[in-house]
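Heads up, the thing below is written out as C-alpha cells.
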Amino acid sequence: MGSARPHSATRPLGHSAILLVLLACHTTTPRPYFAPVTGAQTAEIELRVPAATKLIADLLTADSMPVSRIETRDGFLETAWFDTATGKPTRKRRLGAGVVQVRAWIDPTRPGHSQFTIETVIRPLADPSVSDRELDQQAPPGHPTAKRVRAICDTLVKQYGDTSSAR
C-alpha cells in the first residue's frame, strides 16, 4: 500500500507559517506617498541610508533649518515650514517666497551608496480647489534658502561623492 506521509508534510506552508511570514514583513513606511518636486537637488554619495539621513539632518540643523522629522531607517526627513528671514518655524500662511519647507529622500543605490534628493519648496499661490502638495514648487535657484541647501548638497558631494566611478 505504500508509505503514508504525515498530513502536514504534504502541505508546503501551513496557515500559521504564512501568518508568521506576513507579520514579519514591515509593509508600511512613514515616508510620504508623494515624490520630490521637479527641480529638487539630487546626487549619489558613498554612505548608507541611515548614515546619510542623519548627516543631512545634522547639516540642515547646523545651518539653522528647523528639522522637525527624521526617519533614519526609511531615509526621509523634513523641516517645519519656516520663515526664510529668521530660520524659525512659523504659523504664517504658507504663501510666497518668505516661508519654505525642506524635505529630503534618501534611497539606496549600489552597496554602501545612497542617492539623496532634497527639495526646497515654496507655495507661490493659494488655490483651495487643489491639494496643498500640488501647490508646492521648487524654490528658484536665487532664493536664499535654496542657495543654502545647494551649498549643503555641494558639501555632501565633495566629502562623500564617489570618485571611483568618475572618469
Approximate separation, where rounding is to 0.5 Å, of [X] [atom1] and [Y] [atom2]:
{"X": "Ile118", "Y": "Ile152", "atom1": "CD1", "atom2": "CD1", "result": "7.0 Å"}
{"X": "Leu59", "Y": "Leu156", "atom1": "CG", "atom2": "CG", "result": "5.5 Å"}
{"X": "Leu135", "Y": "Ile122", "atom1": "CG", "atom2": "CD1", "result": "11.5 Å"}
{"X": "Gln159", "Y": "Glu46", "atom1": "CD", "atom2": "CD", "result": "13.5 Å"}
{"X": "Glu71", "Y": "Thr53", "atom1": "CD", "atom2": "OG1", "result": "9.5 Å"}

Would you name the heavy atoms of [X] and [Y] that are closest together and state the gap between them?
{"X": "Pro50", "Y": "Thr72", "result": "O-CG2, 3.4 Å"}
{"X": "Ala40", "Y": "Gln138", "result": "CA-OE1, 3.6 Å"}
{"X": "Ala57", "Y": "Ile70", "result": "CB-CD1, 3.6 Å"}
{"X": "Pro141", "Y": "Lys147", "result": "O-CG, 3.5 Å"}
{"X": "Val49", "Y": "Pro108", "result": "CG2-N, 3.5 Å"}

Should His113 and Ile45 count as side-chain neighbours, where that means a heavy-atom distance under 4.5 Å?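 The answer is no; the side chains never approach within 4.5 Å.
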Is the shortest heavy-atom distance from the side chain of Thr145 to the side chain of Met65 under 4.5 Å?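 Yes, side chains in contact.
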With sequence neighbours left out, what residues match Lys54 under salt bridge (charged side-chain N to carboxylate O under 4.0 Å, His left out)?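 Here the qualifying residues are Asp58.
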Less than 3.5 Å apart, which donor and acceptor atoms pair up between the side chains of residues 87-96 and the rest of the protein, not counting sequence neighbours?
{"residue": "Thr90", "atom": "OG1", "partner": "Lys92", "partner atom": "N", "Å": "2.9"}
{"residue": "Lys92", "atom": "NZ", "partner": "Asp83", "partner atom": "OD2", "Å": "2.5"}

Could you tell me whether the side chain of Thr120 and the main chain of Ala146 form a donor-acceptor pair under 3.5 Å?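 No; judged by distance alone, with no hydrogens or angles, the pair does not exist.
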Between Thr117 and Thr42 (side chain of the first, backbone of the second, donor and acceptor by atom type, cut-off under 3.5 Å), is there such a pair?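 Side chain of Thr117 to backbone of Thr42: no pair is present.
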Kindly write out the residues that satisfy side chain to side chain donor-acceptor pair (under 3.5 Å) with [X], not counting sequence neighbours, or none if the list is empty.
{"X": "Asp132", "result": "none"}
{"X": "Ser129", "result": "Asp127"}
{"X": "Ser131", "result": "Glu134"}

Side chain to side chain contact (heavy atoms under 4.5 Å, CB included) between Tyr160 and Leu55, worked out: CA-CA 11 Å; Tyr160 300 96; Leu55 178 61; 3.3 Å; yes
For Arg31, does the CZ atom have more than 12 heavy-atom neighbours from other residues, nucleotides or ligands under 6.0 Å away? yes
Could you see if [X] belongs to whatever hydrophobic cluster contains [Y]? Use Ile, Leu, Val, Met, Phe, Trp, Tyr and a side-chain cutoff under 4.5 Å.
{"X": "Leu47", "Y": "Ile106", "answer": "yes"}
{"X": "Phe34", "Y": "Phe76", "answer": "yes"}
{"X": "Phe116", "Y": "Val67", "answer": "yes"}

For residues 98-105, which side-chain N or O atoms pair as donor and acceptor with protein atoms under 3.5 Å away, sequence neighbours left out?
{"residue": "Gln101", "atom": "OE1", "partner": "Trp81", "partner atom": "NE1", "Å": "3.2"}
{"residue": "Gln101", "atom": "OE1", "partner": "Arg103", "partner atom": "NH2", "Å": "2.5"}
{"residue": "Gln101", "atom": "NE2", "partner": "Thr79", "partner atom": "O", "Å": "2.8"}
{"residue": "Arg103", "atom": "NE", "partner": "Glu78", "partner atom": "OE1", "Å": "3.2"}
{"residue": "Arg103", "atom": "NH1", "partner": "Glu119", "partner atom": "OE2", "Å": "2.7"}

Applying side chain to side chain contact (heavy atoms under 4.5 Å, CB included) to Leu77 and Leu60, what does each step give before you reach the verdict? CA-CA 10 Å; Leu77 63 90; Leu60 291 172; 3.5 Å; yes
